[in-house]
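As structure tokens, the structure follows; a few thoughts come after it.
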Amino acid sequence: MRYTTWFRQHLAAMRALLVLTAITGIAYPLAVFAVAQVPGLHDRAEGSLVHRDGKLVGSSLIGQAFTDGNGTALPQYFQTRPSNSAPADGSRPDGYDPTNTGFGNKGPEDVVDTLAAEPSQSKAGLLTTVCARSKQIGEREGVSGARPFCTPGGVGAVLAIFGPRDGHGEVTAPTKVVSVNEACPAVPFQAAYRGVRVDCAQPGTDYSAGLVVPIRGDAPADTPVPSDAVTASGSGLDPHISPRYAQLQSARVAAARGIPVEQVAAVVAAHTDGRDLGFLGEPRVDVLGVNLDLDRRFPTRR
């Protein structure tokens, strides 16, 4: 019996479909499942879940916020780094939603906020987000949260300068200057720029025609609040913080638990890992491990 070319091609395609389905749809998933049952890998395959007193308290791979119902940091706990992974319904404003992992998609040039006429439509740029977080953490930890290019009020110190420009795009004689991230009736962080009064920004007004100039200010480059305290990780689910951020929080945690800071530092050291293979990555502190260990050894009164 002779088969037509059309029939032979479709028969070959059907055979390939069945073979690939068996390999990728049955054999491969079963192989992965079998490997996941190997001792030492099973817990990781299940999500590296952490239990305490028979209760699920978290995962060693996914960060979580240690806050109250209003999103306020609990003083007796170390706080994780910020997270951009918050659900759209707002049920977890602190982020760390493993079903909505993602990054902020903002770069270093994102320095101008969107000040809409309707406040709920306003959107902070990356610079203001960092400035606001640094100010909040500084107040919480009792240090200066001042950073370069940030105003004392915790927004990006950015001016829009209007006036004639030279061939390089620089404004030669400013005629109008606006602090674009400080909505009226706020008092601008800087009174004047090159002899021209600095105005606050009118919400809903487009200042894109002006020359955007970030103002560095006099804050030191090496600020007490480290970068991982004010920026989220790429996934938004990082469960670790830097030893420097942990050291910054130790005094607050010790005071809240009524113990010497040296005891807190010892717990932090026990949960600090070095660089992988001695040279990959940076030293890191397991926040969940530290907080659980503190609760076990130095419980707070409720």
Side-chain angles (χ1 to χ4, degrees), residues 47-52 55-87 90-104 106 126 129-143 145 147 223-257 261 264-265 267-276 281-298 300:
S48 297
L49 301 179
V50 178
H51 294 82
R52 178 60 55 85
K55 296 181 179 179
L56 176 64
V57 295
S59 167
S60 62
L61 300 179
I62 300 177
Q64 59 181 286
F66 293 88
T67 57
D68 62 15
N70 297 319
T72 303
L74 296 172
Q76 69 271 31
Y77 290 116
F78 281 86
Q79 299 299 311
T80 50
R81 65 186 303 178
S83 170
N84 292 317
S85 302
S91 59
R92 297 177 62 175
D94 298 314
Y96 290 104
D97 178 9
T99 65
N100 190 39
T101 177
F103 51 91
K106 295 179 180 180
L126 177 60
T129 299
V130 168
C131 294
R133 287 171 176 168
S134 188
K135 180 176 182 295
Q136 180 184 43
I137 293 173
E139 293 172 348
R140 186 178 72 207
E141 307 301 343
V143 299
R147 305 180 83 87
T223 62
V225 181
S227 59
D228 65 304
V230 296
T231 57
S233 63
S235 67
L237 302 176
D238 192 348
H240 302 100
I241 59 176
S242 67
R244 184 182 173 193
Y245 188 24
Q247 182 181 19
L248 176 63
Q249 302 184 65
S250 294
R252 166 180 52 80
V253 173
R257 293 180 180 269
V261 69
V264 173
V267 174
V268 170
H271 293 274
T272 300
D273 296 320
R275 293 180 171 88
D276 294 332
E282 296 292 335
R284 57 198 181 275
V285 178
D286 176 11
V287 178
L288 177 60
V290 169
N291 286 337
L292 289 177
D293 205 359
L294 286 171
D295 277 348
R296 178 180 63 83
R297 299 174 59 183
F298 312 107
T300 55

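Numbers here are sequence positions counted from 1.
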Task: Verdict with supporting geometry, Asp295 and Tyr77, side-chain contact (heavy atoms from CB on, under 4.5 Å) - done: CA-CA 9 Å; Asp295 277 348; Tyr77 290 116; 2.8 Å; yes
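- With sequence neighbours left out, Arg133 forms a salt bridge (Lys or Arg N to Asp or Glu O under 4.0 Å) with no residue at all.
- Applying the ring-ring contact (aromatic ring centres under 6.0 Å, His included) test to Phe298 and every residue at least two apart in sequence or in another chain returns nothing.
- Under a 3.5 Å cut-off, the side chain of Thr272 and the backbone N or O of Val268 do form a donor-acceptor pair.
- Remark: Arg297 pairs with no residue by the salt bridge (Lys or Arg N to Asp or Glu O under 4.0 Å) rule, at least two apart or across chains.
- Leu294 approaches Val253 most closely through the heavy-atom pair CD1-CG1, 3.8 Å.
- Among residues two or more places apart in sequence or in another chain, the side-chain hydrogen bond (donor to acceptor under 3.5 Å, both in side chains) test is passed with Glu282 by Arg275.
- Judged by distance alone, the side chain of Thr72 and the main-chain N or O of Asp68 form no donor-acceptor pair under 3.5 Å.
- You'll find the side chain of Leu288 reaches within 4.5 Å of the side chain of Phe66, heavy atoms only.
- Residues meeting the side chain to side chain contact (heavy atoms under 4.5 Å, CB included) test with Asp238, sequence neighbours left out: Arg81, Ser233, His240.
- Judged by a 6.0 Å distance limit and a 45° cone about the ring axis, Arg284 is not positioned over the six-membered ring of Tyr245.
- In this structure, Leu248 and Ile137 have side chains that are in contact, with non-hydrogen atoms separated by less than 4.5 Å.
- The shortest side-chain heavy-atom distance between Gln249 and Ile241 falls under the 4.5 Å cut-off.
- Looking at residues two or more places apart in sequence or on another chain, you find a salt bridge (Lys or Arg N to Asp or Glu O under 4.0 Å) between Asp293 and Arg296.
- For Ser250, there are no side-chain hydrogen bond (donor to acceptor under 3.5 Å, both in side chains) partners two or more places apart in sequence or in a different chain.
- Here the closest heavy-atom approach between residue Pro283 and residue Pro243 is recorded as O-CD, 3.4 Å.
- Nearest heavy atoms, Ala246 versus Val285: CB-CG2, 4.1 Å.
- Under the side chain to side chain contact (heavy atoms under 4.5 Å, CB included) criterion, Pro224 pairs with Val143, sequence neighbours left out.
- Residue pairs meeting the salt bridge (charged side-chain N to carboxylate O under 4.0 Å, His left out) criterion with at least one member in residues 225-237: none, sequence neighbours excluded.
- Residues satisfying the side-chain hydrogen bond (donor to acceptor under 3.5 Å, both in side chains) criterion with Thr129, sequence neighbours excluded, are absent altogether.
- Panel note: side chain Arg252, backbone Glu141; no donor-acceptor pair is recorded below 3.5 Å.
- Residues satisfying the side chain to side chain contact (heavy atoms under 4.5 Å, CB included) criterion with Ala73, sequence neighbours excluded, are Gln79, Arg140.
- In this structure, a donor-acceptor pair under 3.5 Å is absent between the side chains of Gln247 and Arg244.
- No donor-acceptor pair closer than 3.5 Å links the side chain of Thr300 to the backbone N or O of Arg257.
- In this structure Ala232 satisfies the side chain to side chain contact (heavy atoms under 4.5 Å, CB included) test together with Asn84, sequence neighbours excluded.
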